[in-house]
Amino acid sequence: MAHNTSLVIALLHIFALSFLNILVISNGFESGEISCLRSIKESLEDPYNKFKHSWNFSNTKRGFICNFVGVTCWNPDENRIIGIELGNMRLKGQFPRTKNCWLLTHLNLSGNELTGTIPSEISDWLPFVTVLDLSSNNFSGEIPKRIWNCTYLNVLRLDNNQLTGLIPPELFLLYRIKNFSVANNRLSGPVPMFYNLTFPAESYANNPGLCGGTIGSMHGCSCEFSCSLQTRIFGRLGFLYGVGGGGIL
Ligand SMILES: *[C@@H]1O[C@H](CO)[C@@H](O)[C@H](O)[C@H]1NC(C)=O
Ligand SMILES: *[C@@H]1O[C@H](CO)[C@@H](O)[C@H](O)[C@H]1NC(C)=O
Ligand SMILES: *[C@@H]1O[C@H](CO)[C@@H](O)[C@H](O)[C@H]1NC(C)=O
Ligand SMILES: *[C@@H]1O[C@H](CO)[C@@H](O)[C@H](O)[C@H]1NC(C)=O
Ligand SMILES: *[C@@H]1O[C@H](CO)[C@@H](O)[C@H](O)[C@H]1NC(C)=O
Ligand SMILES: *[C@@H]1O[C@H](CO)[C@@H](O)[C@H](O)[C@H]1NC(C)=O
């Protein structure tokens, strides 16, 4: 029930925003959707021509963008995008500039060769994203804290990259999350707590520096000055449940 309600709320938001978009079109500006796709096309390298050829903007028939490779729409006759799925296309470059893509709810760039950081503007660019799959790329740097502001996220997959640093404890605020993985990176510090569920150790596997939570190991979670409150909470839980490393509070 609760899930349905949040879906309805998300849909209402999207329809209201689409209405604004229609106003923009009727005023003679290019639709947000089209400039979104143009900016994605420009910012990704597609050496094997897996999608760019199909993304031809010279056709202007209603719904033409819905026939583009990887683009899904709410309705095939309208240029209103649900998501972009460009997985396993050997794309190169950096995270695309998705500046005009604020109605996008699914973005899957998994299994490419993308490099650079995950931009911290992501929550401004994709405020309604529910599925974000950036797994199996070569993203590096830290997970941006502000990703917590993508409050509709259900699925967040960042596994199999080169991410470093702490997992932001702000992820706690993603209360709709139900599928999460950061396995196979180089992250360190405590695993995050989530609002009302815990993810299994597989979600964190092969990050030699991670500790606490379902991982069990408290090595690296001992409390120095740099410890967050969360670390101390995990330290206490670890102590209570006898997971190891007791008495570190
Ligand atoms: C977590 O909370 C959200 C929102 O309150 C709810 O939709 C979801 O079903 C809850 N999940 C679990 C596992 O309890
Ligand atoms: C795009 O479509 C137009 C008209 O349908 C066609 O003339 C043009 O060659 C196409 N461009 C590419 C790059 O395929
Ligand atoms: C993303 O795309 C890949 C490859 O096409 C697919 O295997 C994976 O399930 C997709 N991820 C999600 C969350 O749908
Ligand atoms: C990813 O980066 C690693 C080293 O940083 C490199 O060995 C590997 O070839 C890269 N993979 C891709 C697909 O770019
Ligand atoms: C998310 O970010 C926007 C602007 O960046 C801000 O106005 C908004 O309050 C933030 N949302 C939440 C839930 O903090
Ligand atoms: C999470 O999403 C991935 C990619 O789509 C899928 O393979 C996996 O089964 C999902 N896991 C759960 C617990 O739903």
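On a predicted model such as this, the values are computed, not experimentally measured, just so you know. Start at 1 and go down the list; that is how both ligands and their atoms are numbered.
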Discussion item. Students often mix this up, so state it plainly: with edges at 30° and 60°, are the rings of Tyr195 and Phe172 parallel, tilted or perpendicular?
Written reply: perpendicular

Discussion item. Looking only at the side chains, is there a donor atom on one of Asn184 and Asp159 sitting less than 3.5 Å from an acceptor on the other?
Written reply: no

Practice prompt. Check whether any protein heavy atom sits under 4.0 Å from atom 2 (O) of ligand 2.
Written response: yes

Discussion item. Strictly inside 4.0 angstrom of atom 14 (O) of ligand 6, do you find any protein heavy atom?
Written reply: yes

Item to complete: Among all protein heavy atoms, pick out the one at the shortest distance from atom 5 (O) of ligand 6; state its residue, atom name and that distance to 0.1 Å.
Response: Arg157 CD, 4.6 Å

Fill in: Identified side-chain contact (heavy atoms from CB on, under 4.5 Å) counterpart of Leu153 within the set Thr130, Leu126, Val129
Val129

Discussion item. I'd like to check which ligand 2 atoms, numbered from 1 as shown, lie under 4.0 Å from a non-hydrogen atom of His53.
Written reply: 14 (O)

Fill in: Salt-bridge criterion met for Asp46 and Lys41 (N-O under 4.0 Å)
no

Worksheet item: Which option, Leu134, Asp133, Leu109, Asn179, owns the non-hydrogen atom nearest atom 11 (N) of ligand 3?
Response: Asp133

Worksheet item: What protein heavy atom is closest to atom 6 (C) of ligand 2, reported as residue, atom name and distance in Å?
Response: Asn56 ND2, 4.1 Å

Worksheet entry | Any non-hydrogen protein atom less than 4.0 Å away from atom 9 (O) of ligand 3 | no

Worksheet item: Of the non-hydrogen atoms in Asn185 and Pro208, which two are nearest, and what is the gap between them?
Response: O-CD, 4.2 Å

Practice prompt. May I ask you to list the atoms of ligand 2 that are less than 4.0 angstrom from any heavy atom of Ser58?
Written response: 1 (C), 2 (O), 3 (C), 4 (C)

Worksheet item: Is the ring centre of Tyr175 less than 6.0 Å from the ring centre of Phe194?
Response: no

Worksheet item: Any salt bridge between Glu170 and Lys145, counting N to O under 4.0 Å?
Response: no

Worksheet entry | Identity and distance of the protein heavy atom lying nearest atom 4 (C) of ligand 3 | Asn88 ND2, 3.4 Å

Fill in: Heteroatom distance test (Asn108, ligand 3): nitrogen or oxygen, under 3.5 angstrom
yes

